[in-house]
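Beneath this line is the structure, given in structure tokens, with notes to follow.
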Amino acid sequence: MARMSPIAIELVRTPPEAATAMGVGVFADRLDDGDAPDGVDPAFLAAQGFKGKPGQTCVVPGEDGGLIVALGLGPEADVAVATYRKAAAALARAASRCPHLAVDLFDTVPERLARRDVAQALAEGILLGAYRYTALKSDPERSHLESLAVVGTGGAKVRAALERGQAVAEAVCLARDLVNQPGGSLTPTAFATRAEEVGALRHFGVEVLDRNAIEAEKLGGLLGVNRGSEEEPRFVRLSWAPERARGTVALVGKGITFDSGGLSLKTTEGMVGMKGDMAGAAAVLATFSALDAVRPPVRVLGYLPLTDNMPGGDATRVGDVLRIRNGTTVEVLNTDAEGRLVLADGLSLASEDEPDAIVDLATLTGACMVALGTRVAGVMGNHEGFVDAVRAAADTAGEAVWPLPLPADMRRQIDSDVADIKNVAGARWGGALIAGLFLQEFVADGIPWAHLDIAGPAEASEDDPEARKGGTGFGVRTLLELLAGFRKPAKAGAAS
């Protein structure tokens with residue numbers, strides 16, 4: 001099928017003559033003993049300050065004019081699949097001006113790791129490391145990378161893993177593009193149009209609801225958040241199914257294309273980065289873009305409520321009451337706690353379709369960042385087994401998540417005097433948990449549900465080997481891994 005990237009990735013037995021740079025792996029503990037790959041002088045590496053740390057690189061001039069890039073792998077006993085993803089990403093950064101790369105790392109793979117997993121990680125890493133958002137640059141510094149040759153053997157399974165890795169990385173890069181695009185151009189209408197374009201290219205269903213359809217569906221949370229905006233809202237439904245599905249998973253993504261805070265107006269500093277408040281919706285759309293390549297054995301449904309949150313003349317006032325799709329009334333005491341209002345409609349619609357499980361993703365609370373920092377997402381839910389499955393998928397995918405509780409005794413903090421519930425609690429503590437408890441109100445009884453608060457890791461504040469400053473595409477790899485290995489959760493489940 002058509003690719004969003006022109007980079008060609010292949011498995012070869014020997015490095016091709018066209019390769020302009022070759023990446024080779026170096027274990028930190030072996031380097032201490034003076035052991036380095038052929039053609040690499042340990043003394044030269046030491047003189048350059050190279051210690052073989054994960055993600056560290058050192059460019060070594062080759063005998064024939066080409067380059068050798070030493071790639072740090074850390075201590076041999078600690079190497080993991082994620083180590084190879086980071087090494088490949090570092091290679092793409094270190095040899096960014098070389099069009100044809102080769103990587104010779106398979107000889108370093110311990111027997112405890114599957115070669116196909118490492119192959120997928122190499123393909124992911126090279127594309128993630130090469131990523132740049134240049135759409136708005138007058139004189140962009142584009143990646144020169146055209147091809148990657150992975151040196152080694154492994155047959156059809158390894159080749160298939162390389163293809164899967166490329167599809168996954170391209171999906172992550174799509175999410176990055178969406179998050180990096182300014183909110184003034186990526187309006188709800190533009191986002192919906194992009195979804196239709198990607199759906200036509202990647203063979204999944206897309207249904208776009210305009211304002212009239214949203215009103216007919218009684219999506220009061222989405223309409224309430226949209227009241228202060230000149231831009232019309234959109235609600236996008238996505239669908240994909242294999243021939244024999246062994247279950248259905250619903251994905252719900254928060255799609256606030258710009259968040260000013262509404263009448264609870266943010267400061268200028270607080271608005272910086274708020275073009276990325278649709279990272280959850282971006283991750284869901286990007287996940288769908290890879291389904292036809294990854295072919296998970298489940299039916300997948302997507303729900304994307306799209307609007308910006310602006311302080312216009314008829315914006316929702318503090319104290320207004322909105323009626324959500326499932327009939328619940330919500331007193332709005334902070335218009336800057338808007339993401340949970342649009343997600344409430346999305347979760348309600350997802351519940352009506354009776355999936356076997358629901359996952360929602362949202363840049364939801366600063367409180368989660370206070371608790372876990374900027375590199376770790378919080379995960380919570382109503383079913384311990386399903387939350388554990390999401391955690392396991394994230395671990396395999398190399399995305400950091402950490403479980404947070406949903407304490408039942410905190411639920412009373414969102415009781416309202418005038419409506420069924422209110423959108424914020426009176427106390428300032430436990431904001432991420434309060435948001436999770438609010439969302440749980442809109443998940444139908446008996447449906448396993450997990451909530452990923454990606455406020456921290458959705459955007460990087462500085463470059464690292466796998467992600468440049470800006471949108472990271474966090475969550476895409478986790479969702480694809482979860483879907484690929486999905487098993488229907490047991491009916492009985494305890495809150496995490």
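Keep in mind that the numbers below use all heavy atoms, side chains included, and drop hydrogens, waters and symmetry copies.
Crowding of Arg93 atom CZ: a count of heavy atoms from other residues, nucleotides or ligands under 6.0 Å exceeding 12.
A distance-only check finds no donor-acceptor pair linking the side chain of Asp259 to the backbone of Asp277 [under 3.5 Å]. For the pair Thr472 (side chain) and Pro457 (backbone), a donor-acceptor distance under 3.5 Å is present.
Taken to the nearest 0.5 Å, the CZ atom of Phe386 stands 13.5 Å off from the NZ atom of Lys488.
The closest side-chain heavy-atom distance from Pro296 to Val249 is not below 4.5 Å. The shortest side-chain heavy-atom distance between Leu73 and Val26 does not fall under the 4.5 Å cut-off.
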What side-chain donor-acceptor pairs closer than 3.5 Å can you find for residues 474-486, not counting sequence neighbours?
residue, atom, partner, partner atom, Å
Arg477, NE, Ala397, O, 2.9
Arg477, NH2, Ala397, O, 3.0
Arg477, NH2, Gly398, O, 3.3
Thr478, OG1, Glu399, OE1, 2.6

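Judged purely by distance below 3.5 Å, without hydrogens or angles, the side chains of Asn309 and Ser260 never pair a donor atom with an acceptor atom. Side-chain atoms of Thr257 and Asp308 form no donor-acceptor pair, as typed in the model, at a separation below 3.5 Å. Checked by atom type, the side-chain pair Gln181/Ser185 shows a donor-acceptor distance below 3.5 Å. Side-chain atoms of Tyr303 and Asp360 form no donor-acceptor pair, as typed in the model, at a separation below 3.5 Å. Side-chain contact of His100 with Thr20: a donor-acceptor pair under 3.5 Å is absent, judged by distance alone.
A salt bridge links Glu124 with Arg85: the closest approach of a Lys/Arg side-chain nitrogen to an acidic carboxylate oxygen falls below 4.0 angstrom. Comment: Glu466 does not engage Lys86 in a salt bridge, judged by the lack of any side-chain N to carboxylate O separation of less than 4.0 angstrom.
Remark: Arg391 qualifies as a cation-pi partner of Trp402 under the 6.0 Å distance and 45° angle criteria applied to the six-membered ring. Cation-pi geometry between Arg176 and Tyr133 is not met: the NZ or CZ atom fails to fall both under 6.0 Å from the ring centre and inside 45° of the normal.
Residue Phe106 is tested with Thr153, Val151, Leu122 for a side-chain contact (heavy atoms from CB on, under 4.5 Å); the sole match is Leu122.
The side-chain hydrogen bond (donor to acceptor under 3.5 Å, both in side chains) contacts involving residues 35-49 comprise nothing, where partners must be two or more places apart or lie in separate chains.
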